[in-house]
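Letters A, B, ... mirror the listed sequences (proteins, then strands); counts begin at 1. For the numbers below, each heavy atom of this structure counts, side chains included, while hydrogens, waters and symmetry mates do not.
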2 protein chains.
Amino acid sequence: MNDATKPVKKPSRIQLRNRKRILDAALAVFSQHGYRGATLDQIADASGLSKPNILYYFDGKEAIHVTLLNALMDNWLDPLKKMDPDGDPLEEILGYIHRKMQMSREFPRESRLFANEVLQGAPRMKPHLETGLKTLFDEKTALIQRWMDQGKLAPCDPRHLLFSIWATTQHYADFEEQVAILTDGETDPVDGAEQFLDNMFRKLLTP
Amino acid sequence: MNDATKPVKKPSRIQLRNRKRILDAALAVFSQHGYRGATLDQIADASGLSKPNILYYFDGKEAIHVTLLNALMDNWLDPLKKMDPDGDPLEEILGYIHRKMQMSREFPRESRLFANEVLQGAPRMKPHLETGLKTLFDEKTALIQRWMDQGKLAPCDPRHLLFSIWATTQHYADFEEQVAILTDGETDPVDGAEQFLDNMFRKLLTP
DNA sequence: AATTTTCTTGACCGAATGGTCAGGTTGTGG
DNA sequence: CCACAACCTGACCATTCGGTCAAGAAAATT
């Protein structure tokens, strides 16, 4: 155990509970106000802990943000990873859309956290995007291209296909305020959205 | 002219020039950092004016932001307004998509300014959305519905159609950083995007 | 129970922020 | 060229921000 950078002591129950509280509060605050718009005092209030206590658990504001982004990336890429090369092409893509839509519904704060970060040039996330995301993106666009070459999907640019899927699904989380206003606060616009997107991408991709 | 709220004196040349400088600088700063992340000092630097001088032309940080948002709304709604009830339905919608895509290419900062605002709950823009945008939205979705009822377009929910158009076109401005990384800094991904979107929405809407 | 470790906080700090103001400079109409 | 208005700025201010610290309270360990 000569790794001086990782003081790996098993975290106590209090550690676990409070770190979770802080991260949950920070997610709420960061996703609504962006990194620079968020303050430690807001996070302290939302978490029910004092500001110095928050700095006892995290090295600073940026450390909290980075921790959130790291945790986010895994969950974010997961639905795309699940796209199975051996499954039915059309159903795999429609399934992916469904999963993304579920994430917009269940984790809108995470979606907005990500959107805020990328909108502002991804200053704290570029490395993640250039490695993890880029690799997965290349892999999956290649897979989709193969499916198209085999005539199992109507041909189109797989990269823009993925962009469109991301854009349309995340839109309902990121622009929730606008959507709510325009649909007169309909109980759940996401239901109608899912049906619409299924139809649209089915028509696009059916050979 | 008994309107005490508007000191309507014709603005001098210097007024005009400096207000423009300030708004241009503010657009750059606000669109990158969001409202709370932007500082008057940054705007001062970017505009080449001193901070007190900026406050000579505008009542404060918020006034600058509001001015930008007001100016934005007009340009933002314009492409949709241009959708002609008497034109060919499919071509009208594809033309609208084309115009929106042009705006993403030419005015990415405006797109990001808008995205930042809505992402954070549209605190300074809700009234605008509820009046101007909502009215136009209802009008145009009704028009598209009529077209569908007449069998001139394949049926789908016109509201989600517009959401999808907004999401996909603005994505290339708002998530420019991500798109650039994933396309290896391709000269202009928007070209390919336009072709892709034309194809997708054509397939969706062709009866 | 004693002691060591972990946890928590009130008080405080330097830097940054939005904004003010008195007074100077520049432009402009007569 | 004079006088008045418009324009501009250095110095300053109150508040908020991220962050520190010494010392007390609570757990855990012995």
| field | Side-chain ion pair, R109(A) and D24(A), N-O less than 4.0 Å | value | yes

| message | Output the rounded distance in Å from CZ (R17(B)) to C1' (dA6(D)). | response | 13 Å

| said: Can a side-chain donor-acceptor contact be found between N70(A) and H128(A) if the only test is distance below 3.5 angstrom? | reply: yes

| task | Examine K100(A) relative to Y172(A) and say whether NZ or CZ is less than 6.0 Å from the centre of the six-membered ring and inside a 45° cone about the ring axis. | result | no

| field | Side-chain N or O of N18(B) closer than 4.0 Å to phosphate OP1/OP2 of dC8(D) | value | yes

| Spacing of D59(B) atom CG relative to dC21(C) atom P, expressed in whole Å | 13 Å

| If the sugar-phosphate is the primed atoms plus P, OP1 and OP2 and the base is the rest, what is the B/S/- string for nucleotides 22-30 of chain C, using protein heavy atoms under 4.0 Å? | ------S--

| message | Taking the side chain as everything from C-beta on, heavy atoms only, tell me whether L49(B) gets closer than 4.5 Å to Y56(B). | response | no

| message | Does D59(B) have more than 12 heavy atoms from other residues, nucleotides or ligands lying within 6.0 Å of its CG? | response | no

| said: Using a strict heavy-atom distance below 4.0 Å, which residues from residues 23-44 of chain B are in contact with DNA chain D? | reply: R36(B)

| Side-chain touch P108(B)/E176(B), heavy atoms, less than 4.5 angstrom | yes

| Roughly how many Å is it from CG in L16(A) to P in dA28(D), rounded to a whole number? | 13 Å

| note | Looking only at heavy atoms, the pair that brings L205(B) and L161(B) closest together is CD2-CD2, 4.1 Å

| said: Against the six-membered ring of F137(B), is R159(B) placed for a cation-pi contact (under 6.0 Å from the centre, within 45° of the normal)? | reply: no

| task | Please determine if R105(B) and D191(B) form a salt bridge, counting it only when a charged side-chain N lies under 4.0 Å from a carboxylate O. | result | yes

| Rounded to the Å, how far apart are K61(B) NZ and dA16(C) C1'? | 12 Å

Just the atom pairs and distances: protein N or O near nucleotides 9-13 of chain C's N or O, under 3.5 Å.
| unit_1 | atom_1 | unit_2 | atom_2 | d |
| --- | --- | --- | --- | --- |
| dT9(C) | OP2 | S50(A) | OG | 2.9 |

| said: Closer than 4.0 angstrom, basic N to acidic O: yes or no for E91(A) and R202(A)? | reply: yes

| message | If I take atom NE2 in residue H65(A) and atom P in nucleotide dC17(D), what distance separates them, rounded to the nearest angstrom? | response | 17 Å

| field | R21(B) CZ - dC7(D) C1' separation (whole Å) | value | 13 Å

| request: For dC7(C), take OP1 and OP2 only and decide whether either is under 4.0 Å from a side-chain N or O of Q15(A). | output: yes

| task | Check whether more than 12 heavy atoms from other residues, nucleotides or ligands sit under 6.0 Å from atom NZ of K81(B), and answer yes or no. | result | yes

| task | Round to a whole Å and report the spacing from CG of L55(A) to P of dC7(C). | result | 15 Å

